[in-house]
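Not measured: the values here are computed from a predicted model.
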Amino acid sequence: MASFLFLSVLFSFLHFTSSIPSIGITYSSTVSPPPPPLPAKVSSLISALKITSVRLPDPDPSLIKAFAPTNTSLFLSISNSHLPALASNGSVALSWLRRHVLPFYPRSKISLISVGNTVLDSTTIQDFSPFLLPATRNLHHALQELGINKIQISATFSFFSTITTAFPPSSAVFQQPAGDLIIKPLLQFLEQTNSSFLINIYPYNLFRLNSEIPIGFALFQDNLFNFRDDPVTGIRYFNLFAMMADAVLTAMAAMGYQNIPVVVAETGWPSGGIQAEEVEANGVYAEMYLKGLVRHLKSGAATPLKKDGVAEVYVYELMDHSGGDNERGRKWGILTENMTMKYNVEFSSGAKNSGICLVAIWFTNWLLITSMNLILGFIGIQG
């Protein structure tokens, strides 16, 4: 009876443990320093870093092909400028897939395609948001027409142009009118197609906007005062990343789509800024953020609200680059422009199920207690 009870508890524990989110990297080939590295060198380097997922914002076919001999999962993005054509004609979607997917899939392990990136940002020169949903649907239908059913189709949003507030997370909703006009029908599409919601989360940017946020809270540092309590849920947050992620989950739940997985398409901390007052954009803080992020994700508690709420996280980005403005002008890379490593960070996610280690510990303790009970029982009998 005791053995049966133990096995029942053990299997139920294994069933409910959450997977550790995979940790990937973004590689922006068009902004690399000239001349750009050969695609084969990039794929070999990423494999050597034990990074198993790569986001390609500008997926050149030669780069997609270079990952075919590897086990790297690929997340492709389609630029906003392509959205009007994709939305107007399904044959354009088929043409894009015949160039970027069909010649390489499934040897190149393409798992996700984002139709556009942060189309709701007010800084965008042209408003591509009306084209987002029809372009997404056309690409999905084109994949089905080609008999490909295992590649997710979604769209990427920015936290700041999508979510009303980060604190308290329980008060977060999607900004209007885009929430009802664009995001809600997209969430319905994602639910129907078993796809993920993609969002960029940058604690660095929120920290710069709010002087009340302690730097340690943004950098995953353990400190007596590095926490914030949600007055509604009572949940205690020990880092800004988790708080922002839970705000996204809350906004999705408010629309009735709490079961859709979330993928953080971009996150990071710059080692160099574009303005003189960006003193927090330095290598020390960048390494602290990356190490803290990896440690937090490997703990299996991506967000306090929902343990498996975040499925994947992509660090922005692989290499520093020259030029650019706004976000892209900062030094976000984990490598310098000459491809030397800047930080000592282990990105490998390790075991897929963090609960296994806990079960092993639980099992060991159970054996010790059971053995002790048997010994005490035997001593009692002898006495």
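Counting heavy atoms from C-beta on, the side chains of Ser111 and Ser73 come closer than 4.5 Å. Put simply, the side chain of Met319 does not reach to within 4.5 Å of the side chain of Thr336, judged on heavy atoms. Considering only heavy atoms from C-beta on, Thr72 stays 4.5 Å or farther from Ser43 through its side chain. Phe131 places none of its side-chain heavy atoms less than 4.5 Å from the side chain of Leu86. Val294 places a side-chain heavy atom less than 4.5 Å from the side chain of Lys298. Taking 4.5 Å as the limit, every side-chain heavy atom of Lys184 sits out of range of all side-chain heavy atoms of Phe174. You'll find the side chain of Pro57 stays beyond 4.5 Å of the side chain of Phe75, heavy atoms only. Contact annotation: the side chain of Thr52 never approaches that of Asn71 to less than 4.5 Å [non-hydrogen atoms, C-beta and beyond].
Classification of Asp229 and Arg236 as a salt-bridged pair holds, one side-chain N sitting under 4.0 Å from a carboxylate O. In this structure, Glu312 does not pair ionically with Arg55, as no charged nitrogen and carboxylate oxygen lie closer than 4.0 Å. Salt-bridge annotation for Glu346 and Lys291: absent, with no side-chain N of the basic residue lying under 4.0 Å from a carboxylate O of the acidic one.
Evaluation of the ring pair (Phe, Tyr, Trp, His ring centres under 6.0 Å) rule for His82 yields no partner, not counting sequence neighbours. Applying the ring pair (Phe, Tyr, Trp, His ring centres under 6.0 Å) rule to Phe241 yields no partners; only residues at least two apart in sequence or on another chain are considered.
Arg330 pairs with exactly one of Glu278, Glu317, Glu280 by the salt bridge (Lys or Arg N to Asp or Glu O under 4.0 Å) rule, that one being Glu278.
Although no hydrogens or angles enter the test, the distance criterion places no donor-acceptor pair under 3.5 Å between the side chain of Thr267 and the main chain of Tyr202.
A cation-pi arrangement is absent between Arg228 and Tyr237, since the terminal nitrogen or guanidinium carbon is not both under 6.0 Å from the aromatic centre and inside a 45° cone about the axis.
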